[in-house]
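Every chain is numbered from 1 and lettered A, B, ... according to where its sequence line falls, protein lines coming before strand lines. Below, each value reflects all heavy atoms present in this structure, side chains not excepted, and no hydrogens, waters or symmetry copies.
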Amino acid sequence: MRTSQYLLSTLKETPASAEVISHQLMLRAGLVRNVASGLYTWLPTGLRVLKKVENIVREEMERAGVIEISMPMVQPADLWAESGRIDDYGPELLRLKDRHNRDFVLGPTHEEVITKLVSNEISSYKQLPLNLFQIQTKFRDEIRPRFGVMRSREFLMKDAYSFHLDDECLDRTYKMMFDAYCRIFDRLGLNYRPVLADSGSIGGAKSHEFHVLADSGEDDIAFSDASDFAANVEKAEALAPSGSRPDATQALSTVETPNVKTINELAEFLKVDVKTTVKTLLVLGKETEGQTQPIIALVLRGDHQINNIKAEHLDQIATPLTFATDEQVVAAASCNIGSIGPVNLSIPVIVDRSAAHLSDFVCGANSNDQHFTGVNWDRDCTDYTVEDIRNVVEGDPSPCGQGNIVIKRGIEVGHIFQLGGKYAEAMKCGVLTESGKNKLLTMGCYGIGVSRIVAAAIEQNHDKYGIKWPKAIAPFQVAIVPMNMHKSARVKETAQTLYTQLQQAGIEVIFDDRKERPGVMFADHELMGTPVLLIIGERNLDEQKIEVKNRITGEKSLMLISDVMSLFKD
RNA sequence: CGGUGAUUAGCGCAGCUUGGUAGCGCACUUGGUUUGGGUCCAAGGGGUCGCAAGUUCGAAUCUUGCAUCACCGACCA
């Protein structure tokens, strides 16, 4: 490719809208352009990278025996009604009507469509297991699109779905896909970790996420400092404190706490450690027919935070987790938020394991501007249940039993699930078994965020000059950078000869034939992250040499022109 | 959804307080100059000042409404 016939679109200045480094560099290097919030055009250089990632994913899927198909992005809402997700998925599901006023959705994922397909196409156990994938544009109406293509509304995703007669077979495929994912991220040259995960709205049992480690990541990952345990904080179990609860030593007493609203104000006001206080959150419970929606109290140690996912998994709690309104709080606790406590509450009380381990603690007194001190479970408050409802924090014992928790940020680039029977049941997807009986299938699903990987790769591979692409996904393998080609016939001739040779050898080469100063060319190619620069100038041509610069290591060396092609022999 | 801020040329910004018909840097065009790390000089082109209404002789500037974008929050007990 000659730059004079290409759309470089590099920028000197960073657009103000870009927050994270990958977004800034993707704009500056001319990879993407914003069209609207969360919607991007991929420019030629960006598309080259995207296609490389896509092809690696495709190759590894095919190597693993997964078969490619393509499903429509627009899906009938009926299918989503059949699975029940039309109500569960929430406002991220973009709904639309066609000219006949029929309801459709823009597909954020394709479980419904593929389950319907397989249900129609497969009728015998002999056709199983079946594993299908597609690489396709998805749409999720994100609450807050940000960080460029890292969290955009429209994005490219590889999604695969497997169908099995039984869970052992599913488990074998799951492990096989796990390995295939590791191969993909290895080939992409990324520093990543598989971590235990929650399966979210897609549903199901076993689940792993693949995270690229980066400070700009949006997920907290809990690692053990003594084993290879890794889990999303959403999922990481907070163990009950070891040992038995200390005995009560104080009597329950009421203290006036005027204008104390937050837990930190409370600890400050009473001069106590936040860890000896509890906070009580009032949330909506699950609705039962004919009854008003119940209010549930969740009790946490003052320094801990509620884990929405864990709370939502409890049978009594409504999904999504919703906090009670001010009116509901007054009705349930006869005080305002800020003074709620578990003592003498007439609503169900769920206590986190760590809060349940406290004795002589401080809590709201369910009366404005008053708190209790010296509170003790079973003596002052008897009707409660204990659950794990908080986020783990650094220093907690690891749930694997070895070491303590360390928390790092990660970018979720892959997610595999064992779905089980959820969709097969809803969509009546079954086959005849050997004994001639109909049996519902069990499923797995496996996603990779192709466009997000491009951003994640930049987060991990850049310097002050620009992007440093891993070789496998660089838009070009080599750039030819001639010094003042328009002034020197032999520079021009050497550059053109090398360009032709590289092209004929099938190497992706970009030939900078612009009439630009050297500094401009260097800056552009370093910004775009081409791994190898071939610098051709009068300076070295007398010795039949050119300069070779490695973008990743920064190393420069002189090389005989006749040896250059050997650099690209694999 | 809540809070905050922004919206003036392709990009980054100034001008607004104190109303008088728009400017700087980069980019772009032309000519010259320079040529191994974002040259320098000169001359140009390019703007419904986010949209709508209002106040005024006159609005980028003041008022009101709306839209879009961004950031923060949605963990408050």
Side-chain angles (χ1 to χ4, degrees), chain A residues 8-20 23-24 27-28 30 33-39 90-91 143-148 257 260-267 274 277-283 295 297-308 311 320-326 328-330 332-333 335-342 345 352 355 362-371 389-391 393 465-466 481-488 491 514-527 533-541 546-547 549 556 558:
Chain A
L8 271 186
S9 287
T10 53
L11 302 173
K12 248 189 204 179
E13 282 171 300
T14 304
S17 58
E19 178 79 357
V20 296
H23 189 198
Q24 294 173 357
L27 292 170
R28 287 226 291 133
R33 288 292 181 261
N34 182 254
V35 175
S37 180
L39 303 175
I143 186 167
R144 192 173 148 203
R146 59 186 140 178
F147 301 159
T257 51
V260 169
K261 299 286 179 217
T262 70
I263 206 77
N264 287 331
E265 287 169 14
L266 178 67
V274 179
T277 68
V278 304
K279 54 187 178 186
T280 306
L281 284 52
L282 300 190
V283 301
I295 306 289
L298 302 179
V299 179
L300 292 159
R301 211 171 73 187
D303 59 319
H304 285 151
Q305 295 191 325
I306 185 82
N307 179 311
N308 291 23
L321 188 68
T322 312
F323 287 95
T325 62
D326 291 353
Q328 288 170 321
V329 167
V330 172
C335 69
N336 293 321
I337 55 175
S339 297
I340 311 171
L345 264 190
D352 181 67
V362 178
C363 69
N366 299 322
S367 170
N368 284 339
D369 296 330
Q370 288 190 338
H371 281 75
I389 54 173
R390 71 169 172 96
N391 283 337
V393 294
Y465 300 110
V481 187
M483 303 289 100
N484 306 307
M485 185 171 75
H486 59 287
K487 283 274 182 68
S488 163
V491 167
R514 292 176 297 174
K515 191 180 169 184
E516 283 288 357
R517 293 174 57 81
V520 173
M521 293 185 182
F522 289 136
D524 275 346
H525 292 289
E526 280 162 6
L527 180 59
L533 265 53
L534 301 180
I535 302 157
I536 302 166
E538 276 292 326
R539 203 185 267 181
N540 303 307
L541 280 184
I546 64 166
E547 185 180 321
K549 180 166 180 184
K556 296 186 212 174
L558 291 177

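A donor-acceptor pair is defined here as one N or O able to donate and one able to accept, closer than 3.5 Å; no such pair exists between the side chain of A:Ser367 and the backbone of A:Gln370.
OP1 or OP2 of B:A70 sits under 4.0 Å from a side-chain N or O of A:Ser37. The side chain of A:Arg539 places no N or O atom within less than 4.0 Å of a non-bridging phosphate oxygen (OP1 or OP2) of B:G36.
Closest to the A:Ala16 side chain, of the nucleotides B:U35, B:A77, B:C13, is B:C13. Of the candidate nucleotides B:C71, B:G38, B:G12, B:C71 has the atom lying nearest to any side-chain atom of A:Glu19. Of the candidates B:G36, B:C71, B:C1, B:G36 carries the atom nearest the A:Ile535 side chain, counting heavy atoms from C-beta on. Listed nucleotides B:G25, B:A77, B:U34 differ in distance to A:Glu13; the shortest reach to its side chain belongs to B:G25. Across B:A77, B:U34, B:G36, the shortest atom-to-atom separation from the side chain of A:Phe323 is found for B:A77. Comparing atom distances between the A:Leu281 side chain and each of B:C1, B:A77, B:U35 picks out B:A77 as nearest. For A:Val520, the side-chain atoms get nearest to B:G38 when compared with the rest of B:A77, B:G38, B:G36. Out of B:A74, B:C76, B:G37, the shortest distance to the side chain of A:Phe522 is found at B:G37. Side-chain proximity of A:Lys12 to B:A27, B:C11, B:C1: nearest is B:A27. Picking from B:U34, B:A74, B:G37 the nucleotide with the shortest atom distance to the side chain of A:Arg517 gives B:U34.
Rounded to an integer number of Å, the gap from CD1 of A:Ile263 to P of B:C76 is 11 Å. Rounded to an integer number of Å, the gap from CG of A:Leu321 to P of B:C76 is 14 Å. Rounded to an integer number of Å, the gap from CD of A:Glu526 to P of B:G38 is 12 Å. We find that NE2 of A:His23 is positioned 13 Å from P of B:C11, with the value rounded to whole Å. What separates CZ of A:Arg514 from C1' of B:G37 is a distance of 14 Å, to the nearest Å. Put simply, CD on A:Gln328 is 14 Å from C1' on B:A77, counting in whole angstrom units. When rounded to the nearest whole Å, the span between CG of A:Asp303 and P of B:A77 equals 12 Å. What separates NZ of A:Lys279 from P of B:A77 is a distance of 5 Å, to the nearest Å.
For the atom pair CG (A:Asp352) and CZ (A:Arg390), the distance works out to 5.5 Å, reported to the nearest 0.5 Å. Between the CD atom in A:Glu526 and the OG1 atom in A:Thr10 there is a gap of 12.5 Å [rounded to 0.5 Å]. Taken from CE in A:Met483 to CD1 in A:Ile535, the straight-line distance is 6.0 Å, to the nearest 0.5 Å. In this structure, the separation between CG on A:Asn336 and CG on A:Asn368 is 4.5 Å, given to the nearest 0.5 Å. Residue A:Ile389 holds its CD1 atom at 4.5 Å from CG of A:Leu298, rounded to the nearest 0.5 Å. Rounding to the nearest 0.5 angstrom, the gap separating the CE atom in A:Met521 from the CG atom in A:Leu8 is 10.5 Å.
Atom name C1', nucleotides B:A43 and B:A60: the rounded distance is 29 Å, in whole Å. Taking atom P on both nucleotides, B:G45 is separated from B:C40 by 23 Å, rounded to a whole Å. On the C1' atoms, B:G50 is 6 Å away from B:U7, given to the nearest whole Å. The C1' atoms of B:C26 and B:A59 are separated by 30 Å, rounded to the nearest whole Å. Across B:U48 and B:C57, the matching P atoms stand 28 Å from one another, rounded to whole Å. Nucleotides B:A9 and B:A14 have their C1' atoms positioned 14 Å apart, rounded to a whole Å. B:G10 sits 27 Å from B:A52 when the C1' atoms are compared, rounded to a whole Å. Taking atom P on both B:U56 and B:U68, the two are 31 Å apart, rounded to the nearest angstrom.
Among the protein residues, A:Asn368 comes within range of no part of the nucleic acid, since none of its heavy atoms lies under 4.0 Å from any strand. Among the atoms of the strands shown, base atoms are found under 4.0 Å from some heavy atom of A:Asn391. At the heavy-atom level, A:Thr262 lies under 4.0 Å from the strands shown only through sugar-phosphate atoms. Residue A:Gly364 is classed as having no contact, given no heavy-atom separation below 4.0 Å to the nucleic acid. A:Lys515 comes within contact range of no nucleotide atom at all, as no heavy-atom separation falls under 4.0 Å. Nucleic acid contact class of A:His486 (heavy atoms, under 4.0 Å, all strands): base. Counting non-hydrogen atoms under 4.0 angstrom, A:Leu11 reaches nothing in the nucleic acid. Residue contacts for A:Leu300: at a heavy-atom cut-off of 4.0 Å it reaches no nucleic acid atom on any strand shown.
Each of A:Glu547, A:His525, A:Glu516 was evaluated against A:Val481; a single residue qualifies, A:His525, per the side chain to side chain contact (heavy atoms under 4.5 Å, CB included) test.
Across all strands shown, nothing is found opposite B:U61 as a Watson-Crick or G-U wobble partner with both distances under 3.5 Å. The pairing partner recorded for B:U56 is none, the criterion being a Watson-Crick or G-U wobble arrangement whose two distances lie under 3.5 angstrom. For B:C24, the paired nucleotide is B:G12, the pair qualifying as Watson-Crick or G-U wobble because both relevant distances are below 3.5 Å. The nucleotide B:A70 finds its pairing partner in B:U4, both defining distances of the Watson-Crick or G-U wobble pair being shorter than 3.5 Å. Using the Watson-Crick or G-U wobble rule with both distances under 3.5 Å, B:U18 pairs with nothing in any strand shown. The nucleotide B:G47 finds no pairing partner, because no Watson-Crick or G-U wobble arrangement with both distances shorter than 3.5 Å includes it. A 3.5 Å limit on both hydrogen-bonding distances identifies no Watson-Crick or G-U partner for B:G38.
In this structure the side chain of A:Gln305 never reaches within 4.5 angstrom of the side chain of A:Leu300, judged on heavy atoms.
What you find for A:Val278 and A:Pro342 is that their closest heavy atoms are CG2-CD, 4.4 Å.
Between the side chain of A:Glu538 and the base of B:G36, no donor-acceptor pair under 3.5 Å is found. In terms of polar N and O atoms assigned as donor or acceptor, the side chain of A:Asp524 never comes within less than 3.5 Å of the base of B:G37 in a complementary pairing. In the interface, the side chain of A:Glu516 is not paired with the base of B:G38 through any donor and acceptor atom under 3.5 Å apart. Residue-to-nucleotide contacts include no donor-acceptor pair under 3.5 Å from the side chain of A:Lys556 to the base of B:G36.
If A:Asn336 and A:Ala523 are placed on RNA chain B by their nearest nucleotide, the residue sitting closer to the 5' end is A:Ala523.
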